Student: 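What follows is a single structure, and I will ask about it in a moment.
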Amino acid sequence: METNSKETLQADFDVFDISEEFGFLLEEPLMPVLSPDLLSDHRELRLAHLALGFISMGYVWQEGQHAPAEILPKALALPFWLVSRRLGLPPILTYADSVLANWKLKDPTGDMRIGNMDLIFSFPGGDTCRGFFIVSLLVEMAASPGIMGALEVMRAIKVSDLTGIKNGLIKVTQSLEKMKEKFKFMHNHVEPAAFHGKLRIFVSGWRDNPMLPRGVMYEGVSDEPILLSGGSAAQSSAIQCFDALLCIQHEEETGAFLTRMRDYMPPAHRQLIETLSVCPPLRDFILSCSNSDLCQAYNSCVSALVDLRNYHLNTVTKRACEGRDGKIYVSSSDRLRLHISTPVGISYHTDLLSPLYLMDDTGKSCTSNVHRDMKGDLIGGDRRASSWIENADGSSRSLSSSILSCSQVKSL
Ligand code: HEM
């Protein structure tokens, strides 16, 4: 009997997963280009975007910031492009991925507290990575009643319902206060060395990035490299909704940056910002009403937004950028971004900020002391100067104490 017939051998190859030519080696191990066509609903597409985003960031930055991959292979680039196109998102990991769509409950019957939450995908950085994304998520959760409040105000203003406007604004203020409380968790859950040494690079993008000045080539998608910004909470739709509602005006450069960040938001969220922006302007409406309760509610809201932004900037400089020597280090790209992250209409206290030690492009410390100068924009406030922020002797005083009283508002 023939024991080594072709059929018998083939049967063994199949059973033991052996290749006649390559033995145990897997033939053609390269991933085929997977089609996302079977993904049907929004949640499936968001999960795919999240997964492809994490893989892409890992792929580009796996050799560290000095040796990024300049080409995203077709097997990754093409499905990422197709999924992104269907979602109206750019093909890079966004804040809407890493924060808004990247969470699960350890105990599904438990509640959304930090100890019961985990990430679906993470980067190196251990607890700091988890803390950074989960705390941001909790800040976003705290924004949710404020978003409801903004919708209420939007509806109420159309029918001149003053009580509705006031109640909506109160919700926004309370929400902003809660966001700040949640933000404080950053201190216990994000360790600066791990944040800067391990995590940070993986959320970096390929626009305005000296390590990838031409961007990244998406193989099979475009013949030219593509420039895209990395993930940042500047892509948070919540804060921009509040800006739009309260008619906060940003300086030209800041405004352009924040508007560009809208391209990184899910289109429906971006739509809400745009809808709020084209509503009858709340600020003008309140000014025309001469209603002190309403002015007070509006001013409290602006003040809470200032307070949150001050706290953010303070945290960024004091905690997340702190080097081993205790100095605050800000890279040249951060320098630009931190500068523009300061909201216009608001004066930051110089005493809130430690001296900043700016790094030049070689990483050497070059300057200290960054001065920030912005104007107040509360109803009844003096927009001409930041004098209401400074005492006569030049020392600064608390922002909350500088909110003008309703009697001054009435005098408008
Ligand atoms: C330790 C944690 C954080 C660090 C180190 C940090 C750092 C920064 C930096 C460097 C910028 C400038 C823009 C950019 O680089 O993309 C920025 C902007 C911004 N961040 Fe953060 N951030 C942190 C947490 C958060 C959280 C939790 C939120 C709220 C969800 C937030 C909200 C914003 C917003 C809205 C901007 C845009 C500027 C503005 O509208 O004021 N950040 N952040």
Side-chain angles (χ1 to χ4, degrees), residues 92-96 98-100 114 125 128-144 146-147 175-176 178-196 199-201 203-205 207-209 228-244 246 248-251 253-265 269 273 305-322 328-346 348 353 356 358 370 372 374:
I92 191 165
L93 189 77
T94 63
Y95 180 80
S98 56
V99 173
L100 303 183
I114 200 156
T128 285
C129 175
R130 187 179 153 271
F132 181 65
F133 291 133
I134 298 283
V135 173
S136 301
L137 178 85
L138 293 177
V139 175
E140 286 289 331
M141 269 291 285
S144 131
I147 295 165
S175 201
L176 285 162
K178 195 154 176 218
M179 287 166 80
K180 182 180 159 191
E181 287 312 304
K182 297 292 177 189
F183 201 114
K184 290 181 181 167
F185 289 169
M186 273 301 171
H187 297 290
N188 288 338
H189 295 276
V190 175
E191 207 267 303
F195 177 79
H196 279 280
L199 171 63
R200 184 82 202 263
I201 183 70
V203 290
S204 302
R207 181 183 165 139
D208 302 327
N209 186 338
L228 289 171
S229 300
S232 154
Q235 297 162 3
S236 161
S237 314
I239 308 267
Q240 290 212 35
C241 276
F242 300 144
D243 277 349
L246 300 170
I248 302 288
Q249 297 282 318
H250 290 275
E251 260 173 331
E253 193 191 2
T254 315
F257 170 77
L258 291 175
T259 304
R260 188 163 62 75
M261 287 298 109
R262 291 184 195 169
D263 295 343
Y264 295 78
M265 298 172 186
H269 299 175
I273 300 170
L305 187 58
V306 174
D307 202 32
L308 177 65
R309 279 192 155 116
N310 269 332
Y311 192 82
H312 168 264
L313 191 62
N314 205 19
T315 305
V316 172
T317 50
K318 276 211 170 114
R319 297 271 316 164
C321 304
E322 208 165 58
I328 310 295
Y329 285 93
V330 181
S331 72
S332 50
S333 54
D334 280 344
R335 197 184 325 165
L336 168 76
R337 291 180 301 175
L338 274 174
H339 172 70
I340 60 176
S341 76
T342 50
V344 174
I346 309 303
Y348 281 121
L353 298 166
L356 296 182
L358 302 183
V370 174
R372 289 184 175 73
M374 280 156 288

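Counting starts at 1 for both ligands and their atoms, following the listed order. Numbers here are sequence positions counted from 1. Worth saying up front: this structure is predicted, and the values here are computed from it rather than measured.
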Student: So, Glu181 and Lys178, do they make that salt bridge, N to O below 4.0 Å?
Tutor: no

Student: Which ligand 1 atoms are under 4.0 Å away from a heavy-atom of Tyr95?
Tutor: 30 (C)

Student: Any idea which atoms of ligand 1 are less than 4.0 Å away from a heavy-atom of Ser232?
Tutor: 14 (C), 16 (O)

Student: Is the backbone N or O of Val99 less than 3.5 Å from a side-chain atom of Ser136, with the two atoms forming a donor-acceptor pair by type?
Tutor: no

Student: Could you tell me if the side chain of Tyr264 sits less than 4.5 Å from the side chain of Leu228, heavy atoms only?
Tutor: yes

Student: Tell me yes or no: between the side chains of Ser237 and Arg262, is some donor less than 3.5 Å from an acceptor?
Tutor: no

Student: Shortest non-hydrogen contact from Ala194 to Thr128?
Tutor: CB-OG1, 3.6 Å

Student: Which part of Tyr311 is near ligand 1, with near meaning a heavy atom under 4.0 Å away: side chain, backbone, both or neither?
Tutor: neither

Student: Please state which part of Ser236 comes within less than 4.0 Å of ligand 1, counting heavy atoms only: side chain, backbone, both or neither.
Tutor: neither

Student: Is there any N or O on Asp243 that sits under 3.5 Å from an N or O of ligand 1?
Tutor: no

Student: How many angstroms lie between OG in Ser236 and CG in Leu100, if you round to the nearest 0.5 Å?
Tutor: 7.5 Å

Student: Hey, which atoms in ligand 1 end up nearer than 4.0 Å to a heavy atom of Ser136?
Tutor: 27 (C)

Student: With a cut-off of 4.0 Å, which atoms of ligand 1 are near a heavy atom of Phe132?
Tutor: 2 (C), 3 (C)

Student: Among Glu140, Met186, Arg309, His196, which one has a heavy atom closest to atom 1 (C) of ligand 1?
Tutor: Met186

Student: Just heavy atoms, cut-off under 4.0 Å: does Met179 contact ligand 1 by side chain, backbone, both, or neither?
Tutor: neither

Student: Within ligand 1, which atoms have a heavy atom of Ile239 less than 4.0 Å away?
Tutor: 35 (C)

Student: Is the shortest heavy-atom distance from the side chain of Thr315 to the side chain of Tyr311 under 4.5 Å?
Tutor: yes

Student: Please confirm whether Val190 approaches ligand 1 to less than 4.0 Å, judged on its heavy atoms.
Tutor: no

Student: Between His312 and Phe183, is the gap from one ring center to the other below 6.0 Å?
Tutor: yes

Student: Hey, looking at atom 26 (C) of ligand 1, which of Phe183, Phe133, Phe242 has the closest heavy atom?
Tutor: Phe183

Student: Of all heavy-atom pairs between Gln235 and Gly230, which one has the smallest distance, and what is that distance?
Tutor: NE2-O, 3.0 Å

Student: Considering only heavy atoms of Val139, which atoms of ligand 1 have at least one such atom less than 4.0 Å away?
Tutor: 29 (C), 30 (C)

